[in-house]
Amino acid sequence: MAEPNTLYRVMILYMLSKVEYPLTSTQITDFILEKEYTSYFTVQETLSDLRTSELISAESTHNNTRYRLTEDGKQSLDFFSDKISPEIKEDIDTYFRENNFKLKQETSVYADYFKAAGPGYQVHCVIKNIDVPVLDLTLTVQSAEQAKAICANWNTENAEVYAMLMDLLLK
């Protein structure tokens, strides 16, 4: 069996190789903690190490980080894939079979905000189908509180906003 740190690195690379969309820090961490493979802090340290090694790339928003496998990560996984036991691979494969739709949905919808060049804040709201934007909306608001509220509500209201826009624009 592989050294624990190597095993955790290869497990995360294997997880990212199984999907065509990015996985969030929360999704990766939840799986590993649910299976009791290691601690929260070890997962975060491993993600940081993989990012520093450029085996994964990261895109951060105010509320989460989304990870993708890089070409170097794919090569490393090819080289070290035998370090994961068939049982762990099966756990990961089963997790994705049972949760693929939910995981894809969680990473397809996101929002973030930042200080605008002028007054106020810009809120960037996105709905994607894998890597193709379905809706890409940027709003300018007056306060950070408004920006935070839009980001929080986007996760639950995005489908309704999309449907309303389509109804209005296609009539």
Side-chain angles (χ1 to χ4, degrees), residues 8 11-35 37 40-41 43-48 50-52 54-71 73-74 77 91-171:
Y8 305 141
M11 284 173 61
I12 291 171
L13 294 176
Y14 184 77
M15 288 179 74
L16 292 169
S17 78
K18 300 306 283 181
V19 292
E20 58 203 18
Y21 48 87
L23 292 175
T24 66
S25 175
T26 303
Q27 291 168 328
I28 293 167
T29 303
D30 286 352
F31 168 77
I32 292 174
L33 294 179
E34 178 183 304
K35 294 295 183 179
Y37 287 124
Y40 172 84
F41 298 106
V43 175
Q44 298 313 305
E45 182 180 320
T46 304
L47 286 168
S48 178
L50 288 168
R51 189 173 175 187
T52 300
E54 298 183 354
L55 298 177
I56 62 175
S57 63
E59 177 185 328
S60 295
T61 62
H62 282 88
N63 60 353
N64 215 329
T65 302
R66 300 155 35 105
Y67 295 99
R68 290 184 181 274
L69 191 61
T70 64
E71 283 302 316
K74 289 175 187 172
L77 179 60
D91 282 348
I92 294 169
D93 293 345
T94 299
Y95 177 70
F96 286 118
R97 270 193 309 276
E98 293 174 355
N99 297 289
N100 189 48
F101 181 78
K102 178 181 88 110
L103 295 170
K104 185 177 178 182
Q105 190 71 17
E106 289 172 356
T107 59
S108 296
V109 175
Y110 59 94
D112 197 13
Y113 70 93
F114 49 91
K115 183 79 174 111
Y121 291 80
Q122 289 198 317
V123 185
H124 185 214
C125 304
V126 178
I127 301 173
K128 284 188 175 185
N129 181 5
I130 303 173
D131 282 333
V132 179
V134 174
L135 178 64
D136 192 330
L137 176 68
T138 302
L139 303 167
T140 301
V141 296
Q142 294 182 3
S143 70
E145 291 74 27
Q146 290 173 324
K148 289 176 189 175
I150 291 170
C151 287
N153 290 324
W154 182 248
N155 287 330
T156 57
E157 304 298 330
N158 65 80
E160 188 174 332
V161 171
Y162 178 78
M164 181 193 66
L165 283 172
M166 293 302 285
D167 286 347
L168 286 171
L169 297 173
L170 293 175
K171 65 180 176 179

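- Using a 4.5 Å heavy-atom threshold, the side chains of L23 and R66 count as separate.
- The salt bridge (Lys or Arg N to Asp or Glu O under 4.0 Å) analysis of residues 15-30, with sequence neighbours excluded, yields the pairs K18-D93.
- Residues meeting the side chain to side chain donor-acceptor pair (under 3.5 Å) test with K74, sequence neighbours left out: E71.
- Remark: the S25 side chain and the T65 side chain contain no N/O donor-acceptor pair separated by less than 3.5 Å.
- Counting heavy atoms of neighbouring residues, nucleotides and ligands inside a 6.0 Å radius, atom CD of E54 does not exceed 12 of them.
- You'll find the side chain of L103 stays beyond 4.5 Å of the side chain of V19, heavy atoms only.
- Of all non-hydrogen atoms in A116 and P119, the two that sit nearest each other are CB-O, 3.9 Å.
- For the atom pair L16 CG and Q27 CD, the distance stands at 10.0 Å (nearest 0.5 Å).
- You'll find the side chain of F96 reaches within 4.5 Å of the side chain of M15, heavy atoms only.
- At a cut-off of 3.5 Å, with distance as the only test, a side-chain donor of T94 or R97 sits close to an acceptor on the other residue.
- Nearest heavy atoms, K128 versus P133: CG-CA, 4.1 Å.
- No side-chain heavy atom of Y37 sits less than 4.5 Å from a side-chain heavy atom of V43.
- Rounding to the nearest 0.5 Å gives a distance of 12.0 Å between CD of E145 and CD1 of I150.
- Side chains of Y113 and H124 form no contact here, defined as non-hydrogen atoms less than 4.5 Å apart.
- Side chains of V126 and V109 form no contact here, defined as non-hydrogen atoms less than 4.5 Å apart.
- For the pair R51 and Y67, the NZ or CZ position fails the cation-pi test of under 6.0 Å to the six-membered ring centre and within 45 degrees of the ring normal.
- Among pairs with a residue in residues 149-171, none fulfils side chain to side chain donor-acceptor pair (under 3.5 Å), at least two apart in sequence or across chains.
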Would you check, one step at a time, whether the test side-chain contact (heavy atoms from CB on, under 4.5 Å) holds for N100 with Y21?
CA-CA 10 Å; N100 189 48; Y21 48 87; 2.6 Å; yes
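- Using a 4.5 Å heavy-atom threshold, the side chains of C151 and V123 count as touching.
- Rounded to the nearest 0.5 angstrom, Q44 CD and I32 CD1 are separated by 9.5 Å.
- Partners of Y95 under the ring pair (Phe, Tyr, Trp, His ring centres under 6.0 Å) rule, at least two apart in sequence or in another chain, are F31.
- Legend: residues meeting salt bridge (Lys or Arg N to Asp or Glu O under 4.0 Å) with K35, ordered by chain and number and at least two apart, are absent.
- For Y121, the ring pair (Phe, Tyr, Trp, His ring centres under 6.0 Å) criterion is met by no residue, not counting sequence neighbours.
- S17 contributes atom OG, which lies 5.0 Å from atom CG of L77 (distance to the nearest 0.5 angstrom).
- Between the CG atom in L135 and the CD1 atom in I127 there is a gap of 5.0 Å [rounded to 0.5 Å].
- Here the CG-OG1 distance, from L55 to T46, works out to 12.0 Å after rounding to the nearest 0.5 Å.
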